Amino acid sequence: MSVTVSSPDLMTRTASLYDRVKSVIPSIEWPAFAEDIDAILRLKRERDAVILAHNYQTPEIFHCVADIVGDSLALAREAAKTDAAMIVLAGVHFMAETAKLLNPEKRVLIPDLRAGCSLAESITAADVRLLRERYPGVPIVTYVNTSAVVKAESDICCTSGNAKKIVESLGVPKVIMLPDEYLAQNIARETGVEIITWAGHCEVHERFSAKDVQQLRAGHPGVVVLAHPECPPDVVAVADFAGSTAAMIDYVAERQPSRVVLMTECSMSDNVAVQHPKVEFIRPCNLCPHMKRISLSKIRRSLETLTHEVTIDPAVAPPARRAVERMLAI
Ligand code: 13P
Ligand code: SF4
C-alpha cells in the first residue's frame with residue numbers, strides 16, 4: 001500500500017531523521033523525501049542490504065539512509081567487511097565495481113549506471129599496457145577512480161587518502177601513477193618520488209584555481225582553506241591543508257576552525273555542516289554531475305527492482321582484485 005506524503009504517521013516515523021538535516025533541508029522539501037526514506041529503510045531490512053554512500057552524496061542520502069559513509073578508501077574497506085547480502089552503492093560506478101571486486105559472491109547495485117567519473121573515463125586498459133611497455137620495470141599505481149579493466153593492468157591501487165603511503169611503500173625512485181595528473185603531481189611533491197603521470201583530471205576539482213583561494217581569503221578573513229588533492233598543485237600549494245574527503249572531515253572535527261572553505265564537491269559542506277553547526281562554511285563549490293545522478297528515488301527503485309547489478313568480466317576480476325587488495329593490505 002502506498003503512503004501519501006502528507007501522512008501524519010510517515011511524518012512521525014521520519015521526524016528524528018529530519019531533525020538531523022533540518023539545517024540544510026527546508027521543511028517544505030521534507031515530505032518529498034520522507035516517503036522514499038521510509039520505503040528505503042523498509043526495503044533495506046527486507047533485502048538484507050546495506051547502503052554505502054560517498055561523502056559527496058546529498059544530505060538526505062548521507063544522513064538519512066546510508067549505513068556507511070566515507071571516502072573511497074573507507075567505502076572499499078567497509079565493503080570488504082560487510083555481512084549483508086547485498087550492497088547498494090550510493091556513489092559512482094568505479095566505487096560499485098570496487099565493492100563488487102571485494103565481494104564477488106554478493107549482489108552489488110548502483111542506482112544509476114550512468115554515474116561515471118571523468119578520471120575513470122580518461123584512460124583505457126590499452127593505454128596502461130602501452131605505458132608498461134614504454135617504462136619496463138616501473139611500478140604502476142592506479143587511482144581507485146578507474147575501471148576494473150584498468151585496475152587489472154596495474155600493480156597496486158591507491159586512493160587520495162593513502163596515495164602517499166602507497167607510493168612510499170613501493171620503495172622505488174620512480175613510479176607511474178594513473179590517471180590523475182594533479183594528484184600525481186601533488187604526491188610527487190610530498191614524497192620526492194619521480195612520478196610519470198597521465199593527463200586525466202577530475203572535472204570538479206580542476207575548476208578550482210589559486211586565484212579562487214586568493215579571493216576567498218580576501219573576502220573572508222581568517223578562512224581556513226582545505227583542498228582535495230585532485231585540485232591543481234597551485235591550489236594545493238596555497239591551501240592550509242590538502243587531504244581526502246575523509247581527511248577534510250577529520251580536520252574540521254578536530255580543529256573546529258571558526259570559518260572554513262572546502263575546495264571540493266558541493267555536498268561535502270552540507271554534510272559536514274550538519275555535524276558542526278558552530279563552524280561557518282564558505283561555500284564556493286563545484287557539483288559532480290555523476291555523483292548527483294544518485295537520488296533517493298533511484299535508490300528506492302534499485303532496492304525494489306534489484307537494479308542495476310554490477311558485474312565484472314571474470315577474466316578481469318582476479319588481477320583487478322589483487323591491485324585493490326594489495327592497497328588494502330598496506
Ligand atoms: P575521496 O573521497 O576518496 O577523497 O575521493 C574523492 C572523489 O573524487 C571521489 O570521487
Ligand atoms: Fe570523478 Fe571528480 Fe566526480 Fe569524483 S568528483 S566522481 S573524481 S568527476
Side-chain angles (χ1 to χ4, degrees), residues 52-58 61-62 66 68-80 89-99 102 110-123 141-147 150-151 157-166 177-184 186-187 190 197-208 226-232 235-236 239 241-253 262-272 284-294 324 327-328 330:
L52 268 54
H54 185 261
N55 292 327
Y56 294 160
Q57 292 297 295
T58 45
I61 295 174
F62 187 91
I68 291 154
V69 293
D71 65 355
S72 313
L73 181 60
L75 296 184
R77 284 198 193 290
E78 294 301 326
L89 205 304
V92 292
H93 194 260
F94 75 80
M95 295 175 177
E97 273 194 337
T98 305
L102 296 167
I110 183 153
D112 189 325
L113 271 175
R114 296 167 305 167
C117 169
S118 64
L119 282 167
E121 285 302 311
S122 72
I123 191 161
V141 182
T142 48
Y143 197 25
V144 279
N145 299 38
T146 46
S147 62
V150 164
K151 288 185 176 77
C157 285
C158 74
T159 73
S160 59
N162 63 12
K164 178 171 183 276
K165 195 159 84 169
I166 298 290
M177 192 172 182
L178 310 168
D180 188 337
E181 184 177 29
Y182 297 149
L183 175 73
N186 287 324
I187 296 300
E190 269 187 68
T197 63
W198 184 256
H201 300 136
C202 162
E203 66 189 88
V204 174
H205 294 95
E206 72 174 347
R207 302 212 298 271
F208 292 113
L226 311 186
H228 193 277
E230 289 171 11
C231 291
V235 173
V236 168
F241 172 81
S244 75
T245 55
M248 284 192 247
I249 293 172
D250 291 347
Y251 185 105
V252 174
L262 309 181
M263 309 295 282
T264 191
E265 212 273 341
C266 302
S267 292
M268 270 281 290
S269 293
D270 287 342
N271 290 333
V272 190
C285 61
N286 292 324
L287 266 184
C288 174
H290 310 290
M291 289 281 178
K292 265 48 213 183
R293 286 196 183 277
I294 309 300
V324 175
M327 166 185 87
L328 293 178
I330 285 171

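As the structure lists them, so they are numbered: ligands from 1, and atoms in each ligand from 1. Model, not experiment: these values are computed from the prediction.
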Neighbouring protein N, O or S atoms of atom 2 (Fe) of ligand 2, below 2.8 Å: 1
For Ser160, take its heavy atoms, then give the atoms of ligand 1 lying under 4.0 Å from any of them. 1 (P), 3 (O), 4 (O)
Within ligand 1, which atoms have a heavy atom of Ser244 less than 4.0 Å away? 4 (O)
Proximity to ligand 1 by part of Val92, non-hydrogen separation under 4.0 Å: neither
In ligand 1, which numbered atoms sit nearer than 4.0 Å to a non-hydrogen atom of Met291? 10 (O)
Quick one, Leu183 and His228 - any side-chain contact, counting heavy atoms below 4.5 Å? no
Please state which part of Thr159 comes within less than 4.0 Å of ligand 1, counting heavy atoms only: side chain, backbone, both or neither. neither
Check the orientation of Tyr56 and His54. Use parallel for under 30°, tilted for 30 to 60°, and perpendicular for over 60°. perpendicular
Side chains of His290 and Glu203 only: does a donor on one sit below 3.5 Å from an acceptor on the other? yes
Are Asp71 and Thr245 close enough that a side-chain donor and a side-chain acceptor fall under 3.5 Å? no
Numbered in order shown, the ligand 1 atoms found under 4.0 Å of a heavy atom of His228 are 1 (P), 4 (O), 5 (O), 6 (C)
Which is it for Glu265 and ligand 1 at heavy atoms under 4.0 Å: side chain, backbone, both or neither? neither
Which of the atoms in ligand 1, numbered in the order shown and given with their element, are less than 4.0 Å from a heavy-atom of Met95? 9 (C), 10 (O)
With nothing but distance in play, are any N or O atoms of Ser72 less than 3.5 Å from an N or O of ligand 1? yes
Could you tell me if the side chain of Phe208 sits less than 4.5 Å from the side chain of Asn286, heavy atoms only? yes
Considering both backbone and side-chain atoms of His54, is one of its nitrogen or oxygen atoms within less than 3.5 Å of a nitrogen or oxygen in ligand 1? yes
Evaluate whether the separation between SG of Cys117 and SG of Cys202 stays below 2.5 angstrom. no
For a 4.5 angstrom cut-off between non-hydrogen side-chain atoms, does Ile166 reach Val141? yes
Less than 4.5 Å apart, any side-chain heavy atom of Val92 and any of Ile294? no
Considering only heavy atoms of Glu230, which atoms of ligand 1 have at least one such atom less than 4.0 Å away? 6 (C), 7 (C), 8 (O)
So do the side chains of Met327 and Thr159 get within less than 4.5 Å of each other, counting heavy atoms only? yes
So, taking the atom named OH in Tyr182 and the one named CG in Leu119, what distance separates them when rounded to the nearest 0.5 Å? 11.0 Å
Do Ser147 and Glu97 have side chains that approach each other closer than 4.5 Å (heavy atoms only, starting at C-beta)? yes
Would you say the side chains of His201 and Ser118 form a donor-acceptor pair under 3.5 Å? no
Backbone or side chain, does any N or O of Asp71 fall under 3.5 Å from an N or O of ligand 1? no
Any atoms of ligand 2 less than 4.0 Å from a non-hydrogen atom of Tyr56? List them with their elements. 5 (S)
